[in-house]
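Values in this document were obtained by computation on a predicted structure and should not be read as measured data. Both backbone and side-chain heavy atoms feed into the values below; hydrogens, waters and symmetry mates do not. Lettering follows sequence order; numbering is per chain, from 1.
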2 protein chains.
Amino acid sequence: MSKISYSIKKKEGALIKDPVSLVKSYPKMHVTADCAIFGFDENELKVLLIRSDLAIYQDLWSLLGDNIADDEDLDAAAYRILRERTGMNDVYLEQVKVFSKPDRHPGGRVLTVAYCTLLNTRHHELMIHDNEIHWHKFSSIEELAFDHKEILDSCYQWLQKRIQEHPLGFNLLPEKFSLRELQNLYEAILGIRMDRRNFRKKFASMKLLIDTGELEDDVPHRPGKLYKFNFEKYEKQKNSWTGIDF
Amino acid sequence: MSKISYSIKKKEGALIKDPVSLVKSYPKMHVTADCAIFGFDENELKVLLIRSDLAIYQDLWSLLGDNIADDEDLDAAAYRILRERTGMNDVYLEQVKVFSKPDRHPGGRVLTVAYCTLLNTRHHELMIHDNEIHWHKFSSIEELAFDHKEILDSCYQWLQKRIQEHPLGFNLLPEKFSLRELQNLYEAILGIRMDRRNFRKKFASMKLLIDTGELEDDVPHRPGKLYKFNFEKYEKQKNSWTGIDF
DNA sequence: TTCGTATCGTGTAAACTATACACCTTTGTA
DNA sequence: TACAAAGGTGTATAGTTTACACGATACGAA
């Protein structure tokens, strides 16, 4: 039984009137948020990494992370990290999992909350000025500092699962995109090939795509129509949403 | 930008040789684990709650929780809480989400990691000796101490979703159970009625039920067959598992 | 012992959904 | 002008899900 277990409080018998001194008697630990920042570019899933500044992880890369400030909500901390590093505010971001192995950080016990972040690299690339930060192909990332490879793999699995339940993929694409780009994205993330006609039918039946009336203009072949994702309509119906299924 | 942001470290230029003093400079906070402990009894979903010992939450109940010890993994902490309160070791338990609002605890900032726990009440009821702890009907829980109602609701939503992807429900049932009990469980958790024949077909097609050859012996009508869940077979195939779908 | 009640156990037809598959069109480039 | 590359579309088949009904069995009460 832990030395600081709940049962100690109960032995006092009477109700506790001073929660502040109670909480002060509890142990504290370091807490960070780490963001697995995914982008999609040249038909490949990319991850934004920073060069580790710890000597023992020399030449290794790590996820972007930071401490949680004393009065800061975790989601706010994750948004702050994104804002500081990419300059962007309107980024899709979701909490994935806490990583808590006592020895996961060489500097002592640090608990970290993993966030999965999806953004469009084109939209964001110009705002990154730190040349220690780069986009890496997800498929060629082999080793990272700390337990960040494990965290990244968890976030990728989370993404694979989540993208089949909700249309998150649009956060990785430009505002206007062709159906081919959309299909390439799904194929890259899920690691499977799909039938083009069936893929189009599936998205057509969701009725969440808006035909912009525009065409691609930078392809060396017949250009496809450009669509926008109907975020508003999706927001309205997502409570009764049951999944996409590929 | 946060006062304790990552970028401060980078200004030093050279690589950091002493991660321990680096980490010591970070802020610390209190961290707990709270368990939403679900049971199933009399065709109802139940939750194990403890009477709050804080005066400001007098007459309110709360989830079972405790601090994380300095050298303790989060999952280990959740198991410890379960072991201390129910006496059980072999309980199904999964991390759900971190709750981090700065003002969620009246005694100061306490970050908590929510765990969803499933157990069979019959198997465990005798081992609970603390009379401040009771099973409550999930459907009649209206207010809890702290933000525990919000946490419980998140865990319930997690359970509803998860039980449609993986056969977790068996953790809430006795070792041997009838198909009617199994269906009652799913109907209670999902809040829907199902066709008995289709429900049976679905589970039959999974081939994860073992016919014990025994019959119910405490029902005032024709007894049903008793089955066991084939945990071993499920463990082997769960990596390639794609879902149940009700 | 018999009857009423509650549940058990089972199969099939219809509706729906997912899959496999091919051809002509459009654009750009050589 | 013809070749290369992808766009855009429809249909038939297989597979899955749903809706639905009846005889059998056990218990309890009269």
Report all interatomic pairs (protein N or O, nucleotide N or O of nucleotides 6-8 of chain D) with separations under 3.5 Å.
{"from": "dA6(D)", "atom 1": "O3'", "to": "Arg180(A)", "atom 2": "NE", "distance (Å)": "3.2"}
{"from": "dG7(D)", "atom 1": "OP1", "to": "Arg180(A)", "atom 2": "NE", "distance (Å)": "2.8"}
{"from": "dG7(D)", "atom 1": "N3", "to": "Arg222(A)", "atom 2": "NH1", "distance (Å)": "3.1"}
{"from": "dG8(D)", "atom 1": "OP1", "to": "Lys225(A)", "atom 2": "N", "distance (Å)": "2.9"}
{"from": "dG8(D)", "atom 1": "OP2", "to": "Arg200(A)", "atom 2": "NH1", "distance (Å)": "3.0"}
{"from": "dG8(D)", "atom 1": "N7", "to": "Arg196(A)", "atom 2": "NH1", "distance (Å)": "2.7"}
{"from": "dG8(D)", "atom 1": "N7", "to": "Arg196(A)", "atom 2": "NH2", "distance (Å)": "3.3"}
{"from": "dG8(D)", "atom 1": "O6", "to": "Arg196(A)", "atom 2": "NH2", "distance (Å)": "2.9"}

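- In this structure, Glu214(B) atom CD and dA26(D) atom C1' are separated by 18 Å, rounded to whole Å.
- For Tyr115(A) (side chain) and Asp75(A) (main-chain N/O), a donor-acceptor pair under 3.5 Å exists by modelled atom type.
- The number of heavy-atom neighbours closer than 6.0 Å to NZ of Lys228(A), taken from other residues, nucleotides and ligands shown, is 12 or below.
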| request: Report the C-alpha separation of Asp41(A) and Arg122(A) in whole Å, then their side-chain angles, then the decisive distance to 0.1 Å, and conclude whether the salt bridge (Lys or Arg N to Asp or Glu O under 4.0 Å) test is met. | output: CA-CA 8 Å; Asp41(A) 196 29; Arg122(A) 294 284 163 81; 3.3 Å; yes
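- A distance-only check finds no donor-acceptor pair linking the side chain of Ser62(B) to the backbone of Ala145(B) [under 3.5 Å].
- One interatomic measurement links the two molecules: CD of Gln183(B) to P of dG9(C), which rounds to 12 Å at whole-angstrom precision.
- For the pair Met194(B) CE and dA19(D) P, the computed distance is 12 Å after rounding to whole Å.
- If you take CZ of Phe199(A) and P of dT9(D), they are 15 Å apart, rounded to a whole angstrom.
- Using a 3.5 Å distance cut-off with no hydrogens or angles, the side chains of Tyr234(A) and Glu232(A) do not pair a donor with an acceptor.
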Write down the protein N/O and nucleotide N/O pairs, taken from nucleotides 11-17 of chain D, whose separation is under 3.5 Å; answer none if there are no such pairs.
{"from": "dT11(D)", "atom 1": "O4", "to": "Lys201(A)", "atom 2": "NZ", "distance (Å)": "2.8"}

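- Atom pair Asn184(B):CG and dC8(C):C1' shows a separation of 14 Å (rounding to whole Å applied).
- Every ring-ring contact (aromatic ring centres under 6.0 Å, His included) that Trp61(B) has, sequence neighbours left out, goes to His134(B), His136(B).
- Judged by distance alone, with hydrogens and angles left aside, the side-chain atoms of Glu187(B) form a donor-acceptor pair with the main-chain N or O of Met194(B) at under 3.5 Å.
- Thr86(A) places no side-chain N or O within 3.5 Å of a backbone atom of Arg83(A) that could act as its donor or acceptor partner.
- For Phe203(A) and dA18(C), the CZ to P distance is 13 Å, given to the nearest whole Å.
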